[in-house]
Amino acid sequence: MSRPQSGTGPLRSGNKVVIGLDGLQRVFELLLDRGYRLVGPTVRDGAIIYDEITRVEELPAGWTDEQGPGTYRLKRRPDRALFGYAVGPHSWKKWLYPPALRLWQAARRNGSFQIVAGPQSPPRLAFIGVRACELHAAAIQDRVFLAGPYQDPTYRARREQAFVLAVQCTHPGGTCFCASMNAGPGASSGFDLALTELLTPEEHLFLIEVGSEAGAGLLREVPHRPPSEPEAEQAARAVAEAARHMGRFMETAGLKELLYRNLEHPRWDQVASRCLSCGNCTMVCPTCFCSTVEDLTDLSGERAERWRRWDSCFTLAFSYIHGGTLRSSARSRYRQWMTHKLATWVDQFGTFGCVGCGRCITWCPVGIDITEEVRAIREGEGEGNDGDGKPGSAAEGASVPAGSF
């Protein structure tokens with residue numbers, strides 16, 4: 001096969017070309033030259049996480065993962081694939097919607113106080129190796145933070161400046177079900193460049209699809225060539241195979257109505273008997289957006305700060321109002337989380353709040369599987385409800401619509 005040569009001719013959105021390992025490193029260098037901080041997958045502490053990188057050698061070459069309910073293990077691959085794994089504990093939410101953000105800072109001066117100016121602009125971030133499910137998650141968070149009358153300025157600034165180098169997922173994990181949620185494994189939009197890894201004993205190549213003018217402009221400076229017909233077929237076949245080999249499945253037809261009809265289903269008690277209310281599922285979820293605000297002062301009383309921090313609907317304090325906590329049981333908190341993801345989120349934002357990445361299954365300490373919970377409620381339709389199919393009102397929180405707080 002011909003080797004990639006210096007790019008000639010116009011490149012525009014939808015075009016596909018082939019580059020080599022050197023070409024991928026050149027992409028990294030060009031992004032760094034343009035002032036981006038590269039964030040991508042790397043192996044650390046026994047997991048594939050997202051962190052700042054600068055070179056292709058820092059990617060998880062030759063590593064894959066085994067995932068199941070409450071289990072995650074890295075193991076070696078027989079090849080040197082850079083993206084031959086599923087998703088790890090981190091999501092891009094960590095970078096677009098930081099876990100802790102200082103909203104303002106004030107200092108006492110001359111008997112009064114002054115606001116201390118913070119950074120004027122957020123860092124320019126280039127996300128490397130973004131999966132289709134994560135692109136869908138970012139699009140969902142766009143609706144939360146940007147589509148309404150009150151926009152989040154920090155999220156908007158980070159999102160608008162981000163460069164996205166996506167990867168077509170060809171290795172779904174044991175807890176993945178993105179195909180059920182129409183969120184993958186193939187990425188069709190939301191990226192500047194999207195690559196499919198083509199690995200043979202003789203060559204290590206990447207088929208790159210252009211998704212924006214920014215991506216096209218960068219790729220013009222990288223040696224590339226048109227893909228051959230066998231290469232294009234290999235890339236399409238790899239994504240199609242991934243869709244057929246999902247680790248999990250969730251039936252979504254009529255799901256919102258199903259959950260609304262079964263707010264008193266006995267399955268909520270069964271899952272509550274296992275749930276630790278640890279909040280792991282909300283921390284690893286790429287779409288959860290709950291937060292709290294804390295005001296802090298130093299011991300001298302000379303400085304004060306206000307911070308926004310991630311919160312979880314699994315904490316008792318999350319639903320506290322004057323007089324007590326609305327959701328004092330694990331049953332009510334788990335029901336709130338799942339019905340918000342799969343029912344009231346649709347009413348609020350026009351989409352499910354789940355993209356099928358499977359993180360909540362993998363990183364649950366007791367292995368609670370949201371796809372199994374949906375299946376159990378569907379198979380036991382009507383259990384615990386009144387004869388007319390409507391939920392009763394005896395259980396705690398039954399009269400409070402899920403997702404209202």
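What's counted below: heavy atoms across the whole structure, side chains too, no hydrogens, waters or symmetry copies. In this text, all values refer to a predicted model and were calculated from it rather than measured experimentally.
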Run the salt-bridge test on [X] and [Y] with the 4.0 Å N-O cut-off and return the result as yes or no.
X	Y	value
Arg303	Asp298	no
Lys256	Asp347	yes
Glu305	Arg102	yes
Glu373	Arg335	no
Arg309	Glu294	yes
Glu29	Arg26	yes
Asp65	Lys75	no
Arg261	Glu381	yes
Glu66	Arg77	no

Between the main-chain N or O of [Y] and the side-chain N or O of [X], is there a donor-acceptor pair closer than 3.5 Å?
X	Y	value
Trp95	Arg158	no
Arg359	His90	yes
Arg267	Ile377	no
Gln67	Val87	yes
Glu58	Arg55	yes
Lys341	Gly353	yes

Heavy atoms, side chains only, cut-off 4.5 Å: are [X] and [Y] in contact?
X	Y	answer
Arg131	Pro185	no
Arg37	Arg124	no
Trp337	Ile370	yes
Pro122	Gln161	yes
Thr42	Leu59	no

Classify the side-chain pair [X]/[Y] by whether it contains a donor and acceptor separated by less than 3.5 Å.
X	Y	value
Thr351	Arg143	no
Ser319	Thr325	no
Arg237	Gln234	no
Ser228	Glu231	yes
Ser312	Thr315	no

> Does a sphere of radius 6.0 Å around CZ in Phe113 hold more than 12 heavy atoms from other residues, nucleotides or ligands, not counting ones at 6.0 Å or beyond?
Replying inline: no

> Got a sec: does the CD of Glu257 have more than 12 other heavy atoms crowding it under 6.0 Å?
Replying inline: yes

> Should Arg159 and Asp142 be marked as a salt bridge (Lys or Arg N to Asp or Glu O under 4.0 Å) after you check the CA-CA gap, both sets of side-chain angles, and the distance that decides it?
Replying inline: CA-CA 9 Å; Arg159 187 78 162 100; Asp142 287 349; 2.8 Å; yes

>> Which residues pass the ring-ring contact (aromatic ring centres under 6.0 Å, His included) test with Tyr155, not counting sequence neighbours?
In response: Phe145

>> Whether Lys93 engages the ring of Trp310 as a cation-pi pair (distance to the six-membered ring centre under 6.0 angstrom, angle to the ring normal within 45°) should be assessed.
In response: yes

> So Phe289 and His340, would you call those rings parallel, tilted or perpendicular, with 30° and 60° as cut-offs?
Replying inline: perpendicular

For [X] and [Y], I'd like to know if the aromatic rings sit close, meaning centre-to-centre distance below 6.0 Å.
X	Y	value
Trp92	Tyr50	yes
Trp63	Tyr85	no
Phe206	His204	yes

> Between Tyr72 and Trp363, is a ring pair (Phe, Tyr, Trp, His ring centres under 6.0 Å) present by the stated rule, with each step listed?
Replying inline: CA-CA 8 Å; Tyr72 178 95; Trp363 298 98; 4.9 Å; yes

